[in-house]
Amino acid sequence: MLKVDNLHAFYGKSHVLHGVQFEVGEGQIVALLGRNGSGRSTTAKAVMGMVDCTGTVEWQGKPIIGRKPFEIAHMGIGYVPENRDIFPKLTVHQNLMLGQKGKGVGARWSFDDMYAMFPRLKERQHTEAGVLSGGEQQMLTLCRTLMGDPDLIIIDEPTEGLAPKIVELVADYLKKLKERGVSVLLIEQKLTIAMSISDVALVMGHGSIVFHGTPDKLKADAYIRKEWLEV
């Protein structure tokens with residue numbers, strides 16, 4: 001579904017990504033791992049058209065480099081940024097409404113689905129999003145993106161700063177996405193979470209992919225874990 005080849009990205013004169021290459025297949029969860037500053041978030045932003053880049057990014061066989069972020073979103077890629085970007089003065093329900101992209105009949109996700117998956121959001125559906133806890137805001141951001149019925153969702157550090165119980169909830173949530181045919185590119189630091197749910201593991205270091213394989217192979221590769229993942 002998503003094919004990235006020889007991707008280079010830049011912030012002004014700063015060359016951040018160096019020939020990144022990977023694919024995300026239909027119904028796959030691909031974990032993009034690495035330390036802070038390795039280029040993971042920049043990779044997500046490059047796919048979404050948010051940074052200057054060269055190379056190849058194809059979505060369902062169509063090149064998307066040069067397209068605007070809203071155009072890429074309407075093509076079926078959802079993006080959940082690390083900073084969540086909720087609308088604090090709008091209610092939970094209003095935030096979810098803003099995620100809809102007009103697909104209507106046949107969409108995989110509805111308000112009822114969101115509230116069934118995260119009952120806490122239903123309880124607070126008329127509450128301003130700005131007063132929600134960090135975990136609740138994360139749930140809301142994920143659900144708002146799903147309301148656009150994406151075929152691929154890119155999620156940047158969804159478990160950052162969350163309590164262990166909420167982390168487990170998010171992991172279960174990502175498994176449900178796969179069950180409904182949604183592919184996931186998961187940008188994460190927590191190795192245990194990524195390894196427990198992903199089909200493919202990628203490790204980034206200094207703007208390049210330094211490991212590409214199965215979670216089992218990564219678990220067995222002590223050098224990669226020590227050199228590029230462990231703090």
Side-chain angles (χ1 to χ4, degrees), residues 27 29 31-32 36 40-41 44-45 47-48 50 69-70 72-194 196-198:
I29 298 179
L32 184 57
N36 286 336
R40 296 168 304 142
S41 294
K45 291 176 181 178
V47 171
M48 293 305 300
M50 299 171 68
F70 76 87
I72 295 172
H74 276 280
M75 293 175 74
I77 302 180
Y79 175 51
V80 181
E82 184 179 5
N83 59 2
R84 297 168 185 157
D85 281 347
I86 59 162
F87 296 91
K89 293 298 183 181
L90 299 182
T91 67
V92 166
H93 195 79
Q94 288 169 334
N95 268 270
L96 294 180
M97 289 176 64
L98 287 175
Q100 290 181 303
K101 294 186 177 68
K103 291 191 177 182
V105 177
R108 278 168 291 199
W109 307 93
S110 66
F111 290 105
D112 289 341
D113 287 323
M114 301 300 100
Y115 292 144
M117 196 175 299
F118 292 121
R120 183 62 175 162
L121 292 184
K122 183 174 183 179
E123 295 172 11
R124 311 205 71 181
Q125 62 181 297
H126 302 301
T127 301
E128 287 188 359
V131 303
L132 301 181
S133 68
E136 291 167 342
Q137 288 184 6
Q138 185 62 274
M139 294 175 198
L140 177 58
T141 310
L142 292 169
C143 289
R144 185 186 63 197
T145 303
L146 274 188
M147 289 298 290
D149 200 24
D151 296 306
L152 166 70
I153 187 167
I154 301 173
I155 308 178
D156 194 351
E157 296 281 11
T159 63
E160 181 67 24
L162 301 185
K165 286 186 178 181
I166 303 298
V167 170
E168 293 177 8
L169 189 63
V170 171
D172 289 339
Y173 172 101
L174 296 179
K175 291 178 185 177
K176 290 179 181 179
L177 298 190
K178 181 178 178 179
E179 291 170 4
R180 293 212 185 184
V182 180
S183 300
V184 178
L185 178 59
L186 171 63
I187 298 170
E188 185 56 83
Q189 272 192 306
K190 294 182 175 65
L191 186 62
T192 53
I193 292 297
S196 68
I197 64 174
S198 62

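In what follows, residues are counted from 1 in the order of the sequence shown.
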J.: Are K178 and I197 side-chain neighbours, meaning at least one heavy-atom pair lies under 4.5 Å?
T.: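 The answer is no; the side chains never approach within 4.5 Å.
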J.: Could you check whether atom NZ of K190 has more than 12 heavy atoms from other residues, nucleotides or ligands sitting under 6.0 Å from it?
T.: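 Atom NZ in K190 is packed in, count exceeds 12.
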J.: Could you walk me through whether Y115 and L96 pass side chain to side chain contact (heavy atoms under 4.5 Å, CB included), step by step?
T.: CA-CA 11 Å; Y115 292 144; L96 294 180; 3.8 Å; yes
J.: Can you find a heavy atom in the side chain of I154 that is under 4.5 Å from one in the side chain of I187?
T.: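 Yes; the side chains approach each other to less than 4.5 Å.
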J.: Measuring from D149:CG to Q100:CD, what's the distance to the nearest 0.5 Å?
T.: 10.5 Å
J.: Using side chain to side chain contact (heavy atoms under 4.5 Å, CB included), reason through Q125 and F111 one step at a time and then give a plain yes or no.
T.: CA-CA 10 Å; Q125 62 181 297; F111 290 105; over 6 Å; no
J.: Measure across E136 and S133 and return the closest heavy-atom pair with its distance rounded to 0.1 Å.
T.: OE1-N, 2.9 Å
J.: Does some side-chain heavy atom of R124 sit less than 4.5 Å from a side-chain heavy atom of L132?
T.: yes
J.: W109 versus V182: any side-chain heavy-atom pair under 4.5 Å?
T.: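 A side-chain contact exists here, since the closest heavy-atom pair is under 4.5 Å.
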J.: Of all the heavy-atom pairs spanning A194 and L186, show the shortest one and how long it is.
T.: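 For A194 versus L186, the nearest heavy atoms are CA-CD2, 4.3 Å.
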J.: Which pair of non-hydrogen atoms, one from I155 and one from V184, has the smallest distance, and what is that distance?
T.: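 Scanning both residues, the minimum pair turns out to be CD1-CG1, 4.3 Å.
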J.: Looking only at non-hydrogen atoms, find the nearest pair between I77 and M48 and report the distance.
T.: CG2-SD, 3.6 Å
J.: What's the spacing between L90 CG and L98 CG if we round to 0.5 Å?
T.: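 Answer rounded to 0.5 Å: 6.0 Å.
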J.: Considering only heavy atoms from C-beta outward, does the side chain of Q138 approach that of Y173 to under 4.5 Å?
T.: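 Q138 vs Y173: side chains apart.
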J.: Is the shortest heavy-atom distance from the side chain of R120 to the side chain of L169 under 4.5 Å?
T.: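 Result no, sub-4.5 Å side-chain heavy-atom pair not found.
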J.: Tell me if a side-chain donor or acceptor on T91 pairs with a main-chain N or O of T127 at a distance below 3.5 Å.
T.: no
J.: If you compare all heavy atoms of A129 against all heavy atoms of I86, which two are closest, and at what distance to 0.1 Å?
T.: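 The pair with the smallest heavy-atom distance is O-CD1, 3.4 Å.
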J.: Flag the pair E179 and K176 as a salt bridge only when some basic side-chain nitrogen lies within less than 4.0 angstrom of an acidic carboxylate oxygen.
T.: no
J.: Between M114 and C143, which heavy-atom pair has the shortest distance, and what is it?
T.: SD-CB, 3.3 Å
J.: What I'd like to find out is whether the side chain of T159 reaches to under 4.5 Å of the side chain of E188, using heavy atoms alone.
T.: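 T159 vs E188: side chains touch.
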J.: Between E157 and R40, is any pair of side-chain heavy atoms under 4.5 Å apart?
T.: yes
J.: Could you check whether any side-chain N or O of E82 sits under 3.5 Å from a backbone N or O of D156, counting only pairs where one atom can act as donor and the other as acceptor?
T.: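 Flag not set: sc E82 to bb D156 has no pair under 3.5 Å.
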J.: Got a second to check how far L121's CG is from Q137's CD, nearest 0.5 Å?
T.: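 Here the rounded value is 11.0 Å.
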